[in-house]
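Treat the numbers as computed from the prediction; the structure is a model and nothing was measured. Quick note: residue numbers are just sequence positions, from 1.
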Amino acid sequence: MNFDYDVIVIGAGHAGCEAAHAAARLGATTLLITIDMNKIAQMSCNPAIGGIAKGQIVREIDALGGMTGIITDRSAIQFRMLNRSKGPAMWSPRAQSDRMKFSALWRTTLENTPGLSMWQDSVTSLIIEDGKVKGVRTALGVTFKAKTVVLTAGTFLNGLMHTGPVKIEGGRVAEPSAHGITEQLREAGFTTDRMKTGTPVRIDGRSVKWELTTPQEGDNDYHKFSYLPGVGRELKQRPCHTVYTNETTHEILRRGLPDSPLYNGQIQSIGPRYCPSIETKIVTFADKNEHQLFLEPEGETTTEYYLNGFSSSLPIDIQFQALETIPALSNVHLFRPGYAIEYDFFDPTQLHHTLETKLIKGLFFAGQVNGTTGYEEAAGQGLVAGVNAALRVKGEAPFTLGRDEAYIGVLIDDLVTKGVDEPYRMFTSRAEYRILLRQDDADMRLTPRGHAIGLADKSRFEAMERKRIQRDSLIRFCEEFTVKAAMINPYLEAEGESPLSQGVKLHTLLSRPSMTFERLASQIGPLATFIEENIEEQRREEIIEAAEILIKYQGYIAREQQNVEKLRRLENLSLKGKIDYKNVRALSTEARQKLERIDPETVAQASRIPGISPADINILLLLLGR
């Protein structure tokens with residue numbers, strides 16, 4: 001057996017799986033160590049992938065050559081494109097997954113990745129010599145050597161679960177917490193703190209009065225996560241259902257607040273603002289008479305349901321009593337109660353954009369250990385950390401993503417530049433260039449980059465190129481083909497649209513908000529013929545949508561691209577190692593302290609540090625001779 005590797009990944013959650021797969025794909029001999037090989041890529045909380053901005057991250061992972069998108073499609077039991085009523089920059093894919101099949105597919109993927117091995121054990125310490133990581137030691141007394149290590153321990157570092165007054169050590173139900181690593185890294189100089197997250201009750205669907213719920217069906221169209229033509233949904237699709245709390249529910253929950261770990265001082269750590277517990281909701285939104293809850297199936301055939309919106313750490317009897325006041329759940333049977341969990345994380349400003357730590361060479365952090373929340377944020381970090389661990393071993397240039405290139409780039413830049421004061425969750429509003437970071441074009445943005453480093457294979461790159469060629473040929477046809485007024489006016493008038501006074505290019509007509517390729521192809525024979533003959537059938541709707549978005553939003557896209565070019569000048573101005581901040585008295589005290597602590601790579605990164613003013617940036621530019 002081999003005890004010496006290029007890359008060791010600690011933890012097989014969503015970050016660990018993407019990290020191990022990426023490192024091995026890049027040719028690094030890789031070892032993935034996990035406490036339980038039957039819980040690989042476990043969906044510890046919601047059995048769903050994607051959502052607002054999170055879905056964009058998954059499409060980016062897929063475009064780069066990662067696996068989360070493919071595995072989500074293959075295990076999906078419902079798919080929805082959220083925010084369709086808004087512009088395409090806001091469209092966000094989301095899928096319910098079969099929890100067990102998702103995990104099984106990930107394990108199969110990892111077991112069949114050349115150069116990747118697995119070991120079931122718990123890492124108790126890192127081997128660090130002369131400021132470099134050299135390997136790990138495990139609870140079973142095994143020493144593994146490595147050139148780089150990626151820590152993706154999720155909620156397991158000193159994990160502590162709370163249900164009312166009951167406290168149980170663990171990273172999640174029935175799985176032990178991990179000890180030793182936090183203490184070792186704190187001694188090495190790392191800043192660490194505690195965070196809190198939670199999960200709702202799991203319900204037996206046989207005890208639900210389904211006639212008192214409102215069904216919520218998924219989309220039945222061509223949308224999915226993976227850009228690969230041959231990947232799609234394989235399982236039976238299932239609906240979700242909605243129910244509502246009421247005043248009686250809230251009264252029972254309020255009665256339990258004195259015994260809530262969140263309100264009686266038992267939990268001291270930082271909780272998520274954007275995924276609050278039910279007890280937080282009734283306190284923060286005391287004026288609301290009801291809160292919507294979602295019954296989401298855990299699998300294709302199981303009777304187990306996840307009650308989204310009812311995360312709680314209240315005592316079990318309070319959770320029961322509150323749920324029984326909801327008519328559809330008056331006879332509810334629980335598989336398990338909700339609980340909160342506290343765990344250690346590390347201040348992410350201690351990282352480079354590659355996710356390598358500043359204090360220890362060759363050591364990378366990814367996922368919830370960086371203060372993030374969510375499978376998608378973790379997976380995106382895992383991919384970047386795994387790629388950079390492998391590239392470091394190979395002596396090749398690091399791989400980073402800019403804020404104008406990917407939501408993953410926004411995520412990592414926010415973490416390493418601003419740090420976190422609560423569990424970080426991605427939103428479209430965090431991206432200043434979200435018109436450029438749409439979910440529909442992640443392959444165009446990132447597949448060339450994934451292919452260049454060897455993560456996205458040749459077939460994926462060629463599929464992207466075929467799509468680009470066909471999309472652009474359709475746009476050129478629209479720019480060159482003239483629609484005569486006599487040809488289209490009867491249709492426009494019948495549809496309540498303004499008629500044409502003269503012939504226009506098809507491109508101009510399609511720019512109207514209400515006009516679509518589908519509507520116009522039904523009236524303009526040459527357009528229908530062009531689509532039939534030049535756009536491959538398997539991806540026709542996807543390519544048509546991509547072309548339509550570029551035509552309708554070309555002005556906005558061009559303007560945002562100009563803004564990117566302006567900022568890029570600052571991104572190209574290197575700062576690192578050039579200025580002794582503590583001796584620059586022209587800078588404010590706050591600026592000196594933050595610049596010294598974060599040590600930004602570029603002027604642009606410095607400008608994004610909270611507390612750094614435009615005046616401070618002007619001083620830096622002056623010192624650089626600009």
### Task
Mind checking side-chain contact (heavy atoms from CB on, under 4.5 Å) for P315 and listing every partner two or more places apart, or none if nothing turns up?
P165, D259, D317, I318
### Query
Are R94 and I49 side-chain neighbours, meaning at least one heavy-atom pair lies under 4.5 Å?
no
### Message
Going by the rule side-chain hydrogen bond (donor to acceptor under 3.5 Å, both in side chains), which residues pair with K101 if we only count those two or more places apart in sequence or in a different chain?
### Response
E300
### Query
Crowded around N220 CG? As in, over 12 foreign heavy atoms under 6.0 Å?
no
### Query
Are any non-hydrogen side-chain atoms of F102 and I71 less than 4.5 angstrom apart?
yes
## Note on the structure
Contacts satisfying salt bridge (Lys or Arg N to Asp or Glu O under 4.0 Å) that involve residues 364-388 (not counting sequence neighbours) are K54-E376, K54-E377
### Message
If only side-chain N and O atoms count, and only distance matters, is there a donor-acceptor pair under 3.5 Å linking S103 with K39?
### Response
no
### Message
List the residues meeting side-chain hydrogen bond (donor to acceptor under 3.5 Å, both in side chains) with R194, not counting sequence neighbours, and say none if there are none.
### Response
D344
### Query
At their closest point, which heavy atom of S44 faces which heavy atom of R172, and how far apart are they?
OG-NH1, 2.8 Å
### Task
May I ask you to decide whether R403 forms a salt bridge with D414, counting only side-chain N to carboxylate O separations under 4.0 Å?
yes
### Task
Kindly check if the number of other-residue, nucleotide or ligand heavy atoms within 6.0 Å of CD (E187) is above 12?
no
### Message
If we check side-chain contact (heavy atoms from CB on, under 4.5 Å) with H250, which of these qualifies: H291, E279, K281?
### Response
H291
### Message
Against Q319, only a single residue in V201, L307, L253, V332 fulfils side-chain contact (heavy atoms from CB on, under 4.5 Å); can you say which?
### Response
V201
### Message
With a 6.0 Å cut-off (strictly less than), is the heavy-atom count around CE of M100, excluding the residue itself, greater than 12?
### Response
no
### Task
List for me each residue that meets side-chain contact (heavy atoms from CB on, under 4.5 Å) alongside R25, sequence neighbours excluded, and say none if there are none.
H21, L455, D457
### Message
Using the salt bridge (charged side-chain N to carboxylate O under 4.0 Å, His left out) criterion, which residues pair with E234? Sequence neighbours excluded.
### Response
R74
### Task
Determine the interplanar angle of the F144 and W119 rings, folded into 0 to 90°, and report it as parallel if under 30°, tilted if 30 to 60°, perpendicular if over 60°.
perpendicular
### Message
Suppose the criterion is ring pair (Phe, Tyr, Trp, His ring centres under 6.0 Å): which pairs have a residue in residues 303-324, not counting sequence neighbours?
### Response
W210-Y305
### Query
Who pairs with F285 by ring pair (Phe, Tyr, Trp, His ring centres under 6.0 Å), at least two apart in sequence or on another chain?
none
### Query
Of all residues at least two apart in sequence or in a different chain, which pass the side-chain hydrogen bond (donor to acceptor under 3.5 Å, both in side chains) check with T152?
none
#### Entry: H179: side-chain contact (heavy atoms from CB on, under 4.5 Å) partners, not counting sequence neighbours
N158, E169, S177
### Query
Backbone N or O of R233 within a donor-acceptor pair of the D73 side chain at under 3.5 Å?
no
### Test ring pair (Phe, Tyr, Trp, His ring centres under 6.0 Å) applied to Y407 - qualifying residues, sequence neighbours left out
none
### Message
The criterion is side-chain contact (heavy atoms from CB on, under 4.5 Å); which residues satisfy it with R255, sequence neighbours excluded?
### Response
I252, Q321
### Query
Can the ring centres of F365 and F346 be said to be less than 6.0 Å apart?
yes
### Message
As a test of understanding, state which of I278, I282, T284, V283 forms a side-chain contact (heavy atoms from CB on, under 4.5 Å) with T280.
### Response
T284
